[in-house]
There are 2 protein chains.
Amino acid sequence: MTGLPPSNRLPARQGLAVRFEQWSAEAFDASRCPVRGVLDRLGDKWSTLIVIALARRPHRFGEIRRAVPDISKRMLTQTLRDLERDGLISRQVFPTKPPSVEYRLTALGESLLEPLNALVAWAEANQARIGAARVAFDAAAAMTEAPLPGLEVGGR
Amino acid sequence: MTGLPPSNRLPARQGLAVRFEQWSAEAFDASRCPVRGVLDRLGDKWSTLIVIALARRPHRFGEIRRAVPDISKRMLTQTLRDLERDGLISRQVFPTKPPSVEYRLTALGESLLEPLNALVAWAEANQARIGAARVAFDAAAAMTEAPLPGLEVGGR
DNA sequence: ACAGATGGTCTCACTATGAGACCACGTCTT
DNA sequence: AAGACGTGGTCTCATAGTGAGACCATCTGT
């Protein structure tokens with residue numbers, strides 16, 4: 001990531017720029033662009049996590065809950081429904097005694113793994129930089145709020 | 001996208017799988033994984049849109065609002081602050097008479113364009129499939145709710 | 001003199017979210 | 001035999017997040 005020559009970035013920038021101009025020009029407003037709908041779904045807090053969990057193998061409802069511990073049943077159900085509605089995962093009920101339900105990625109869902117992997121790799125490679133930026137930003141903000149040095153002892 | 005051989009998907013799947021196992025194994029719960037923080041920020045409704053807008057060129061506050069029409073001032077301010085805090089964009093105030101403010105991507109922010117472009121390309125390539133899946137799902141759901149054919153005229 | 005544009009902040013109402021109770025069913029424990 | 005537990009959910013309720021729009025100080029144009 002760090003070793004990439006800058007020339008590798010330009011196509012991405014231009015790719016996005018061209019897309020964006022097309023959206024703006026064709027639809028006249030970006031809000032109606034259909035990619036927005038896709039990005040919004042992917043953009044919610046849990047979709048990507050669930051897709052990543054299912055990337056390993058099919059999971060049952062409770063397994064996903066254990067894999068993503070801080071999701072509530074309510075949101076898990078809802079997000080799974082949304083992902084199923086979008087054709088990214090499939091839901092299969094097994095007539096076992098307490099009926100069990102298995103969720104797995106569809107072909108469409110699997111095709112999402114490529115770009116998602118790129119994003120996760122970026123996040124992993126740059127989380128330290130982002131963390132440092134946050135610390136620096138918060139420190140600067142604290143200085144602006146209370147610009148008297150010597151009175152600041154522990155920060156807040 | 002459609003023409004990709006399946007073998008191209010496997011590395012992505014395994015890459016995510018391996019990452020996920022490492023998160024689960026090392027931190028013992030996925031909720032503390034730092035990538036989560038990054039993904040959450042990128043996952044909010046507006047961050048990606050703003051980054052995409054800034055991919056073209058630096059924008060002023062009002063320009064971004066015009067580029068992303070359905071964002072409120074409140075959320076625009078907040079999202080810009082967050083992106084700035086994470087070191088993805090920089091904020092520069094010009095001492096013009098009504099002072100103007102320019103936002104631009106930092107090097108870190110530009111490095112995000114590559115994976116983001118991949119994601120947007122995927123969204124663009126698959127939005128039709130997703131739309132079709134939604135229609136199919138809603139139709140199936142309507143059938144389940146009201147399984148009597150002949151009584152359903154217009155649907156709902 | 002007054003509207004408009006600049007980049008925000010603040011309040012208020014509405015919506016989305018999380019915590020947890022509840023359900024029907026069957027198995028396991030006591 | 002009675003009660004606890006696990007299955008996959010749904011439902012309600014309190015709280016958190018969000019969008020709409022008023023408001024602010026300053027300068028420019030008419």
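In what follows, every heavy atom counts, from backbone to side chain, and hydrogens, waters and symmetry copies are set aside. First the proteins, then the strands, lettered A, B, ... as listed; each starts at 1.
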Mind running side chain to side chain contact (heavy atoms under 4.5 Å, CB included) on Leu83(A) and Ser47(A) for me, showing each step along the way?
-> CA-CA 7 Å; Leu83(A) 288 172; Ser47(A) 295; 4.1 Å; yes

Residue mapping more 5' on DNA chain D - nearest nucleotide basis, Val93(A) or Asp44(B) | Val93(A)

Interatomic distance where CZ belongs to Phe61(A) and P belongs to dT10(D) [whole Å] | 8 Å

Taking atom C1' of dT18(D) as reference, at what distance in whole Å does atom NZ of Lys45(B) sit?
-> 9 Å

Atom CG of Asp40(A) and atom P of dG19(D): how far apart are they, to the nearest Å?
-> 10 Å

Min side-chain heavy-atom separation Phe61(B)-Leu80(B) under 4.5 Å | yes

Atom-pair distance (CE on Met75(B); P on dA16(D)), nearest Å = 16 Å

Presence of Arg65(A) side-chain N/O under 4.0 Å of dT7(D) phosphate oxygens OP1/OP2 = no

Within the structure shown, what part of the strands sits under 4.0 Å from Phe94(A) by heavy-atom distance: base, sugar-phosphate, or nothing?
-> nothing

What's the closest nucleotide to the Arg60(B) side chain, out of dG18(C), dG19(D), dG7(C)?
-> dG7(C)

Side chain of Lys73(B) only, please: which of dT10(D), dG7(C), dA19(C) is the nearest?
-> dG7(C)

Between dA16(C) (P) and Ile71(A) (CD1): distance, integer Å | 17 Å

Whole-Å distance, Asp70(A) CG to dG18(C) P, equals 8 Å

Can you tell which of Glu63(B), His59(B), Arg104(B), Glu110(B) makes a side-chain contact (heavy atoms from CB on, under 4.5 Å) with Leu54(B)?
-> His59(B)

Considering only side-chain heavy atoms of Pro98(B), which listed nucleotide, dG6(D), dT6(C), dA20(D), is closest?
-> dT6(C)

note: Leu80(B), atom CG; dT9(C), atom C1'; distance rounded to Å ~ 14 Å

Yes or no on side chain to side chain contact (heavy atoms under 4.5 Å, CB included) for Ile52(A) and Val68(A), after CA distance, side-chain angles and deciding distance?
-> CA-CA 10 Å; Ile52(A) 289 173; Val68(A) 186; over 6 Å; no

Hey, does the side chain of Arg74(B) come within less than 4.0 Å of dA20(D)'s phosphate (OP1/OP2), counting only N and O?
-> no

May I ask you to evaluate whether Arg66(B) reaches the phosphate of dA5(C), defined as a side-chain N or O under 4.0 Å from OP1 or OP2?
-> no

Judged by nearest nucleotide, the residue sitting upstream toward the 5' end of DNA chain D, Val101(A) or Gln78(B), is Val101(A)

In whole angstrom, give the distance that lies between atom CD1 of Ile64(A) and atom P of dG8(D).
-> 9 Å

Can Ile64(A) and Trp46(A) be said to form a side chain to side chain contact (heavy atoms under 4.5 Å, CB included), step by step?
-> CA-CA 11 Å; Ile64(A) 304 178; Trp46(A) 303 113; over 6 Å; no

Establish, with yes or no, whether the OP1 or OP2 oxygen of dA16(C) is under 4.0 angstrom from a side-chain nitrogen or oxygen of Trp46(A).
-> no

